[in-house]
2 protein chains.
Amino acid sequence: MFTRTTTNLSSNSEPLANCGAARLYEFSYRKGAEIYGEKEPAEYIYRVKTGAVRTYKLLSDGRRQIGAFHLVGDIFGSTSGDSHRFTAEAVVDTTLLLMKRQRLEVLAKADATLTRDLLNVAAKSLRHAEDHLLLLGRKDALEKVATFLLEMDERINSTGAMTLPMTRHDIADYLGLSLETVCRSLTRLSRMGALSLTGDTTQRKITILDRKQLRSLDLER
Amino acid sequence: MFTRTTTNLSSNSEPLANCGAARLYEFSYRKGAEIYGEKEPAEYIYRVKTGAVRTYKLLSDGRRQIGAFHLVGDIFGSTSGDSHRFTAEAVVDTTLLLMKRQRLEVLAKADATLTRDLLNVAAKSLRHAEDHLLLLGRKDALEKVATFLLEMDERINSTGAMTLPMTRHDIADYLGLSLETVCRSLTRLSRMGALSLTGDTTQRKITILDRKQLRSLDLER
DNA sequence: CGGGGGCTTGAGGCCACTCAACGATAGTGG
DNA sequence: CCACTATCGTTGAGTGGCCTCAAGCCCCCG
């Protein structure tokens, strides 16, 4: 919850955890539902309670670029500007906690820790975007998919076994590929022994078998 | 300067302009000189007084992705984290104004406007990065170059006539293309009548002749 | 004057794209 | 219960856009 789930209030591990003073709202979205649209005024900050969210931009001819996936615990919508630059949609059925921006800013005036938290949230988004620039601009398909799998594993549970909430189409639009290329890259990685693909359409399960091999494709220095 | 160049202190137009209280340093860099390296501790915030700066990431095999160009007046290095995520280099001979991060943070504690400025600077970087994601992931070569020219025109003087400080190679690494493709795209745009290329190697001058045509290639909705 | 850096253009190849077909599963309504 | 449809994933065939390699030009500088 934006709230006191945690005993550790050190601002790094759980930013905005100590905001009991602000009113919290909870809201549920069906799979595919829009949470906010590009250019809408940014009224709330959100935290994922259950489910997953994608934020994206569109070109006028329909090409889509997903900027980020937000998983359980993630905070998003912190556009430090008046209006959103992305559209946000529920990837699966999703519950969010939301908090009024304005209220948060008022609180931040009196609370230096909260201010720092807000800056940290912004900085984290920036870091992610910057890493993604390198991926989109300079990595080939196999490298993109390998990087994606390592990112998701780390963010879901780091066990190497994951059931992805998003479709191949979503992954493709996140990585700047076609969905067919995502498929082919996964099969290739599977054939290389780096991972195993099990489950059917509704339960896409991926298990990382050889993390080392994936890391060798994820060659940031 | 980070200083009082401006009479308008409204935080939107000239963030961090009112920091007379903080000590300012001035430093010059030769063309190609490194300003800071990836993973170095982030000690300063910078503002371009004259010249231009590129910030980039490298893959271990040498592929480079330029994240942003910083022109006169731009503020950069505001990694709200301990260390830099990019390397910064002077594109041409450059003079920077710098200010200690730590000092700035101390001042920000007492000054809500300054805090807001810092958030705004971070937000602006984020916005730029997010726009660039769309470009890198979903635009073709001609669209990338058209978008680039419109961005540069707007940031330099909006007159349609500009002398770019960066090389074709820099542009390529910014747009996720090869330098040859950048060349070919420029020639194509020139042949289409959208712009004119004049000057020699040392004075790369580009004049936009048909802004409408460029905009139709820059099809964000 | 020779060398190096930057820009342009051409030739050819490859990677990722499009188009297409097919299998599997879930949901819907007769 | 069973077509019927829609959605998602996988795989193949063929194409095309961008990359690589290469050559040549111009300008500056030692």
Side-chain angles (χ1 to χ4, degrees), chain A residues 30-32 54 59 61-65 89 91-93 135-146 148-149 163-191 195-206 217, chain B residues 30-32 54 59 61-65 89 91-93 135-146 148-149 163-191 195-206 217:
Chain A
R30 307 300 290 273
K31 173 177 172 173
R54 59 179 168 251
L59 290 175
D61 61 0
R63 279 174 286 175
R64 183 178 68 157
Q65 178 64 48
E89 275 178 7
V91 173
V92 292
D93 289 354
L135 177 145
L136 290 172
R138 287 304 182 207
K139 292 188 182 177
D140 66 27
L142 211 60
E143 292 166 346
K144 285 176 175 181
V145 172
F148 172 75
L149 291 174
T163 305
L164 296 176
M166 67 290 283
T167 67
R168 301 288 188 251
H169 187 72
D170 287 332
I171 299 172
D173 284 350
Y174 180 58
L175 301 178
L177 297 171
S178 71
L179 70 91
E180 294 93 331
T181 298
V182 171
C183 263
R184 281 186 252 270
S185 300
L186 285 171
T187 3
R188 248 181 93 194
L189 288 172
S190 172
R191 274 203 276 267
L195 49 93
S196 115
L197 298 166
T198 53
D200 50 39
T201 295
T202 49
Q203 197 73 6
R204 293 167 287 273
K205 191 167 171 186
I206 295 182
L217 286 168
Chain B
R30 308 300 289 273
K31 174 179 174 172
R54 59 179 169 251
L59 290 175
D61 61 1
R63 279 175 284 176
R64 183 178 69 156
Q65 179 63 48
E89 276 177 7
V91 173
V92 291
D93 289 353
L135 178 144
L136 290 173
R138 287 305 182 207
K139 291 187 183 178
D140 67 25
L142 210 60
E143 292 166 345
K144 285 177 175 181
V145 172
F148 172 74
L149 292 175
T163 305
L164 296 176
M166 68 289 284
T167 67
R168 301 289 187 251
H169 187 71
D170 287 333
I171 299 172
D173 284 351
Y174 180 58
L175 301 178
L177 297 171
S178 70
L179 71 91
E180 294 93 332
T181 297
V182 171
C183 263
R184 281 187 253 269
S185 300
L186 285 171
T187 327
R188 251 180 91 193
L189 288 172
S190 174
R191 275 203 276 266
L195 49 93
S196 113
L197 299 166
T198 53
D200 50 38
T201 295
T202 48
Q203 195 74 4
R204 293 169 287 272
K205 190 168 172 188
I206 295 182
L217 287 169

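Keep in mind that this is a model prediction, so the values were computed, not measured.
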### Message
Rounded at 0.5 Å granularity, tell me how far OH in Tyr174(A) sits from CZ in Arg54(A).
### Response
14.0 Å
### Query
How long is the line joining CZ of Arg30(A) and P of dG27(C), in whole Å?
12 Å
### Message
Expressed as a whole number of angstroms, how long is the span from Glu143(B):CD to dG17(D):C1'?
### Response
12 Å
### Task
Please report the shortest heavy-atom distance between Thr181(B) and Ala141(B), naming the atom on each side.
CG2-CB, 3.6 Å
Distances under 3.5 Å between nitrogen or oxygen atoms of protein and nucleotides 15-17 of chain C:
residue, atom, partner, partner atom, Å
dA16(C), OP1, Ala141(A), N, 2.9
dC17(C), OP1, Ser178(A), N, 3.1
dC17(C), OP2, Ser178(A), N, 3.1
dC17(C), OP2, Ser178(A), OG, 3.0
dC17(C), OP2, Thr181(A), OG1, 2.3

### Task
Give a yes/no answer on whether the side chain of Arg204(B) brings an N or O atom under 4.0 Å of OP1 or OP2 in dC7(C).
yes
### Query
Quick one: is Thr167(A) getting a side-chain N or O under 4.0 Å of the dT7(D) phosphate, OP1 or OP2?
no
#### Entry: Verdict with supporting geometry, Asp170(A) and Arg64(A), side chain to side chain contact (heavy atoms under 4.5 Å, CB included)
CA-CA 9 Å; Asp170(A) 287 332; Arg64(A) 183 178 68 157; 2.9 Å; yes
### Nearest heavy atoms of Lys144(B) and Lys139(B), plus distance in Å
CE-O, 3.3 Å
### Query
Which whole-number value in Å describes the distance from His169(B) NE2 to dG4(C) P?
18 Å
### Message
Please report the distance, rounded to the nearest Å, between CG in Asp61(B) and P in dT20(D).
### Response
11 Å
### Query
Could you state the CG-C1' distance from Leu197(B) to dG6(C), rounded to the nearest angstrom?
14 Å
## Note on the structure
Closest heavy-atom pair, Lys31(B) versus Val91(B), reported as atoms and distance to 0.1 Å, is CG-O, 3.5 Å
### Message
Between P on dC19(D) and CG on Asp173(B), what's the gap in Å once rounded to a whole number?
### Response
11 Å
### Query
Pick one: which of Ile171(B), Val145(B), Asp140(B) meets side-chain contact (heavy atoms from CB on, under 4.5 Å) with Leu177(B)?
Val145(B)
## Note on the structure
Atom CG of Leu186(A) and atom P of dT11(D) are separated, to the nearest Å, by 10 Å
#### Entry: Interatomic distance, Lys31(A) NZ vs dA26(C) P [rounded to whole Å]
12 Å
